[in-house]
Amino acid sequence: MRTADLYIRVSTDEQADKGYSQRDQNDHLQRYCEMNGIMVRKVIYEDHSAKTFNRPEWQKYLFELRKLKSKGIPGLVLFTKWDRFSRNAADAYQMIAMLRNLNIDPQAIEQPLNMEIPESKIMLAFYLATPEVENDRRALNVKHGMRRARKEGRYMGVAPMGYSNKSREDGSKYIAINEEEAPFMRWIFETIVEGVFVPDQIRKMANAKGFKMSRNMFYREIRNPVYCGKIVVKAYKDEEEQWVKGLHEPLISEDLFYRVQDVLKGRTKVLRLQAVKINECLPLQGFIECATCERAFTASASKGRKGGYYYYYHAQHIYGCGCRYRADDLNKLMIQELVKFIPKPGMAELYKMIVIDVYKAFRGEAMDGPKKILDEIAVVNERMTSARELLFEEKIEPDDYAIVKKDCTEKIKRLEATLSEMKVQKSNTASIDNMVLKAVKALSRLESMYEDGNAITKRTILGSIYRQKLQFDGQNYRTGRINEVAALIYQINSKLGGNKNGKERLSNRLSRRVLRAGIEPALRLREQDFKSCVSTSSTI
């Protein structure tokens, strides 16, 4: 009597648990064996895809067949159809050859073949190729459907951090802002742009607040344009990669997203402190550098004779500078520096009026900002047009044109995002009065906030005021670019001692002496500095 093993397969665990396919296959195979006098030796149940033979139960079965080969017992492995055996023709031919080498003949009871007849191989090829074609067609339809959905602005897949997967009444899927996670993601993007901490330090700070993210996930998320309301449609065949407007609500502005990417790629110069293990006795580590060698100070501790530790800031030995200072002395001197930015008591309204006057003066200068952005966009478009003409005249290679086009398209997207952000800020300038008053009040509590805060709080305060590292020459700090609100308060303080003729004259003397805005639009820089002072206070 012939012996057979029955192979019963479905694609998923759900089909195995809730479906009828396995029981139906078993009934058909058992009935076939009874009618043909075949003894059933073993029944193998599988719940994996047939795209490959890397299936747990099938691998166990092969291992067992290799052991039985030495006994020379021929047999059959039966299944209902060839698509239960495999949906990959190339792998199926190899497996058939392997089974025959083990004295096992594979057969589908509903698609029987007599392999002694040469023409049966044609039918075998048809039976094996058909399920593979079905799989490929199904996969292609799914791929095209998902691509069409992305082009229409739908996010596909598991929602990123800060969003949640939702379903409408009609069954359609979408992502919505997760009110618990969204504030953390906004804080991460805004903190990266400030440039005070390196991104991985920001991730650890978020983890400490309860927002857990692995390092790989963190960097993947902050590079995901879904947060600024864009969906990425990847390049496919002749279609280039494109970003389309998503149907979901953006978490941050497009301009903020691009500025974060610039920081990550090193295109934007920021304070960007090195990742250090924060020590409560060394809050200035990474903020100060040596005026002699212009290298960042490192820090160390020395054990005293009585068992205590003494901390020092010093230049790195490899540069041969030799500068070394007690950490306590530099920490106290920093408090004296910060006091210079504290508004005079009882004069908050005066500071507010003067700062607003200066802001409005700069705002008038910044009105040309949108026009400049539009001019830049026109220049980039002309550059792309020139490159296209050179391509038509065969003066440049298609690959070179593709590089130029990609570069110009990227610049136009960034400029348009900046223009959009400037329009939004222009419509929100009515709240500047309240913002300035909050900034002045925050600076009024600067000394107590700094002294009472921990090392992270102190570094946050320093980062909100100083935009570049401070140089220490052995006696005093030399400051570079400063938060412009703090710089203006400092100038007002220095003038109030000798000027008693009122606000108007003081404002006229100061309005053109405030630090300039650099390459970014002046309007945006001023509002950022106001928000920096306010947000530092609220965070602490």
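What you see is a predicted model, and the numbers here were worked out from it, not measured in a lab. The first residue in the sequence is number 1, and the count goes up from there.
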- Query: Salt bridge check: are Lys60 and Glu57 linked by an N-O gap of less than 4.0 Å?
  - Reply: yes
- Can you tell me if Lys212 uses its side chain to pair, donor with acceptor, with the backbone of Asn207 under 3.5 Å? yes
- Query: Can Lys411 and Asp407 be counted as an ion pair, charged N to O under 4.0 angstrom?
  - Reply: yes
- Could you tell me whether the side chain of Ile44 reaches within less than 4.5 Å of the side chain of Ile8, counting heavy atoms only? no
- Task: Validate the cation-pi geometry between Arg150 and Tyr155: distance from NZ or CZ to the six-membered ring centre under 6.0 Å, angle to the ring axis within 45°.
- Result: no
- Should Lys395 and Glu389 count as an ion pair when the cut-off is N to O under 4.0 Å? no
- Message: I want to check a possible cation-pi pair here: Arg55 against Phe53, using under 6.0 Å from ring centre and within 45° of the ring axis as the test.
- Response: yes
- Query: Taking atom types as modelled and ignoring hydrogens, do the side chains of Ser172 and Asp170 form a donor-acceptor contact shorter than 3.5 angstrom?
  - Reply: yes
- Under 3.5 Å donor-acceptor, Asn36 side chain and Ile38 backbone: no
- Message: Check this for me, if you would: do Asp5 and Lys42 make a salt bridge, where the nitrogen-to-carboxylate-oxygen distance has to be below 4.0 angstrom?
- Response: no
- Message: Using ring centroids (six-membered ring only for Trp), state whether Phe85 and Phe79 fall under 6.0 Å.
- Response: yes
- Message: Tell me every residue that passes salt bridge (charged side-chain N to carboxylate O under 4.0 Å, His left out) with Arg84, counting only those two or more places apart in sequence or in another chain.
- Response: none
- Message: Which residue is it: Phe211, Phe218, Tyr227? I am looking for the one with a ring pair (Phe, Tyr, Trp, His ring centres under 6.0 Å) to Phe184.
- Response: Phe211
- Message: We want to know whether Asn26 and Arg23 form a side-chain donor-acceptor pair, criterion being a heavy-atom distance below 3.5 angstrom.
- Response: no
- Item | Salt-bridge criterion met for Arg414 and Asp262 (N-O under 4.0 Å) | yes
- Task: Verify whether the ring centers belonging to Tyr163 and His248 lie closer than 6.0 Å.
- Result: yes
- With a 4.0 Å cut-off, would you call Arg215 and Asp200 a salt bridge? yes
- Message: Please tell me whether Ser86 and Asp91 have a donor and an acceptor in their side chains that are separated by less than 3.5 angstrom.
- Response: no
- Query: Any idea how Phe189 and Phe257 line up, ring-wise: parallel (<30°), tilted (30 to 60°), or perpendicular (>60°)?
  - Reply: tilted
- Decide whether Thr457 and Asn454 meet the rule of one side-chain donor and one side-chain acceptor closer than 3.5 Å. yes
- Using 30° and 60° as the class limits, which term best fits the ring planes of Trp58 and Tyr61: parallel, tilted or perpendicular? tilted
- Side chains of Tyr236 and Glu241: donor-acceptor distance under 3.5 Å anywhere? no
- Task: Determine, stepwise, if the pair Lys405 / Arg388 fulfils side-chain contact (heavy atoms from CB on, under 4.5 Å).
- Result: CA-CA 9 Å; Lys405 182 181 178 181; Arg388 191 181 301 112; over 6 Å; no
- May I ask you to say whether Glu239 pairs ionically with Lys234, meaning some side-chain N is under 4.0 Å from a carboxylate O? no
